[in-house]
> 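Structure provided below as structure tokens; questions to follow.
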Amino acid sequence: MRAHSAGEQIDRRTFLQATALPGLAACAWGCLSGSAIPLYALPTREDARFIVEAQFYDKQAYKKIKCKLCPRECVIDDRERGYCGVRENRGGTYYTLVHSRLAIAHIDPIEKKPFFHFCPGILAFSVATAGCNVNCKFCQNWEISQARPEQVRATYVSPRDLAAAAQQNHCPAIAHTYSEPVIFYEYLIDAAEAAHGVGIKSVVVTGGYIQKDPLKKMCRRVDAIKVDLKAFSQKYYKEIVNGDLKPVLDTLVTIRHEGTWLEIVYLVVPTLNDGDAEFQGLARWIKSELGTDVPVHFTRFYPQYLLKNLPPTPLETLERAKAIADNEGLHYVYIGNVPGHPGENTYCPQCRHLLIERLGFVVRKMDLHKGKCRYCQHPIAGVWQT
Ligand code: SF4
């Protein structure tokens, strides 16, 4: 598939034709490095179809509004935008500017999100708009996450067309990912509804920086959520993420209570969030607040964006984090971004047999039967197709 050049227009038929090319496979659209690459090179201009009233905000005096979508609770004057740059106050009514405004579309294995206990081996039609409500110094996708909608080439893809594109490309799931799905919340919710209408699942990859009411609604519309828990310290959240830890911990508890499938990724950044005490505290908190069945992925950091001065995470650090969490009693602790490491595999927590063997994003062996260990019948937490 070629990228459309700047100045070209793309319509619904073109989008569906483009995404229906035969032989389209995982990563065939250019995503080999782990970062998403914009699919359509189109200039974004004001288009009424992108602008939809926001779902969570309060009106205030003098045409001000208070956004109630994420914990920042931006108070915004008329004609101004919130911190995320994709929501605007127009005359006392608050709008999202990125409904159906896709900056990226890409086909990925679900393991790349990563989800290890959610329908292993399926492809996810992965999408994002511009914008984010935090500013992580290690962001892989900062070109779109830290951009305003007008700064990123995008195209109109309605929820119905998104579901159709996923179907045409044999993707059983749509993944809302890459930037921060919380800030394109209204699109995500509408897309999940359209997707369910045609039997397509929806998953969300998020930093979890969201208020409780919108989160609960999201939990009821989507099938799985992966939360990037960036650290287990408020200091890190303040200095490296420009956010707060407590709301993210609250998000994890809410997702668990709502019963939506949850996995956690912890990107281990050398010298910043890689201490034994932090790993220990994290593992104990997960065990007491979420239980032992939530998969936790300790993932290798590679230098990029504003943290190019740091080295990649040493393997022994990742192995130390996993050992601490294993010893604490968590059942499914993984090592990520180290293809071929045994820490990518799933073992039965009861009989210790190898059940799911992975190599990078490829599932090489599945020894589950109806969600249970084939050897000892122990139930394995997750959403399984076999
Ligand atoms: S979603 Fe955007 S506008 Fe709303 S509170 Fe968060 S950063 Fe502010």
Side-chain angles (χ1 to χ4, degrees), residues 44 46 50-103 127-137 139 141-152 154 176-192 204-219 221-222 225 227-230 234 237-252 254-255:
T44 300
E46 181 85 357
F50 297 146
I51 301 164
V52 171
E53 185 173 357
Q55 292 185 7
F56 291 90
Y57 72 99
D58 290 341
K59 296 196 180 219
Q60 298 190 330
Y62 308 108
K63 293 185 181 175
K64 287 178 188 265
I65 68 93
K66 180 190 268 191
C67 181
K68 305 285 280 187
L69 179 55
C70 95
R72 286 191 191 282
E73 296 206 331
C74 299
V75 175
I76 303 158
D77 286 318
D78 188 17
R79 296 285 146 189
E80 297 292 337
R81 294 187 189 179
Y83 175 91
C84 56
V86 303
R87 297 173 172 270
E88 188 169 286
N89 181 348
R90 294 187 175 184
T93 302
Y94 205 37
Y95 294 96
T96 169
L97 308 179
V98 290
H99 195 286
S100 305
R101 193 174 193 160
L102 275 199
V127 295
T129 75
C132 188
N133 57 353
V134 293
N135 182 4
C136 301
K137 290 184 176 172
C139 185
N141 297 312
W142 59 271
E143 290 102 330
I144 61 163
S145 70
Q146 299 306 315
R148 289 197 158 207
E150 299 82 358
Q151 296 171 313
V152 175
H176 300 274
T177 177
Y178 300 136
S179 54
E180 174 47 67
V182 167
I183 59 86
F184 58 91
Y185 182 89
E186 291 78 7
Y187 181 46
L188 184 167
I189 295 293
D190 291 347
V204 177
V205 175
T206 175
Y209 208 51
I210 182 172
Q211 293 209 19
K212 194 168 187 175
D213 286 347
L215 173 63
K216 285 169 93 169
K217 180 173 177 179
M218 184 167 87
C219 285
R221 297 289 174 91
V222 306
I225 302 175
V227 173
D228 287 301
L229 179 60
K230 323 251 178 190
Q234 171 62 12
Y237 263 86
K238 268 285 171 251
E239 294 176 0
I240 308 297
V241 176
N242 197 15
D244 291 299
L245 171 63
K246 174 74 166 53
V248 180
L249 298 181
D250 292 344
T251 286
L252 294 169
T254 300
I255 295 170

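Atoms within each ligand, like the ligands themselves, are counted from 1 in listed order.
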> Would you kindly specify which portion of R81 sits under 4.0 Å from ligand 1, judged on non-hydrogen atoms: side chain, backbone, both or neither?
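The answer is neither; R81 stays 4.0 Å or more away.
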
> So, Q60 side chain and G92 main chain: donor-acceptor pair closer than 3.5 Å or not?
no

> If only atom types and distance count, is the side chain of S179 paired as donor or acceptor with the main-chain N or O of A130 below 3.5 Å?
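Here the side-chain-to-backbone pair does not exist.
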
> For a quick test of your reading: what N or O donor-acceptor pairs under 3.5 Å do the side chains of residues 66-80 make, sequence neighbours left out?
| residue | atom | partner | partner atom | Å |
| --- | --- | --- | --- | --- |
| K68 | NZ | E73 | OE2 | 3.3 |
| R72 | NE | N133 | O | 2.8 |
| R72 | NH2 | N133 | O | 2.9 |
| R72 | NH2 | N242 | O | 2.4 |
| E73 | OE2 | Q211 | NE2 | 2.9 |
| D77 | OD1 | K64 | NZ | 2.9 |
| D78 | OD1 | G91 | N | 2.5 |

> Could you check atom 3 (S) of ligand 1 against the protein and tell me its nearest heavy-atom contact, residue, atom and distance included?
Y94 OH, 3.1 Å

> Output every pair passing ring pair (Phe, Tyr, Trp, His ring centres under 6.0 Å) with a member in residues 55-80, not counting sequence neighbours, ordered by first then second residue.
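Counting only pairs at least two positions apart or across chains, the ring pair (Phe, Tyr, Trp, His ring centres under 6.0 Å) contacts touching residues 55-80 are F56-Y185, Y57-Y94.
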
> Do R87 and E186 meet the salt-bridge criterion of a basic N to acidic O distance under 4.0 Å?
yes

> Taking 4.0 angstrom as the limit, do R90 and E88 come out as a salt bridge?
yes

> Considering only distance and modelled atom types, tabulate donor-acceptor pairs under 3.5 Å from the side chains of residues 244-251, sequence neighbours left out.
| residue | atom | partner | partner atom | Å |
| --- | --- | --- | --- | --- |
| D244 | OD1 | Q234 | NE2 | 2.6 |
| D244 | OD1 | K238 | NZ | 3.0 |
| D244 | OD2 | Y209 | OH | 3.2 |
| K246 | NZ | D250 | OD1 | 3.0 |
| K246 | NZ | D250 | OD2 | 3.0 |
| T251 | OG1 | G208 | O | 2.7 |
| T251 | OG1 | P247 | O | 3.1 |

> Atom 2 (Fe) of ligand 1: which protein N, O or S atoms are under 2.8 Å away?
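Metal shell, protein only: C84 SG.
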
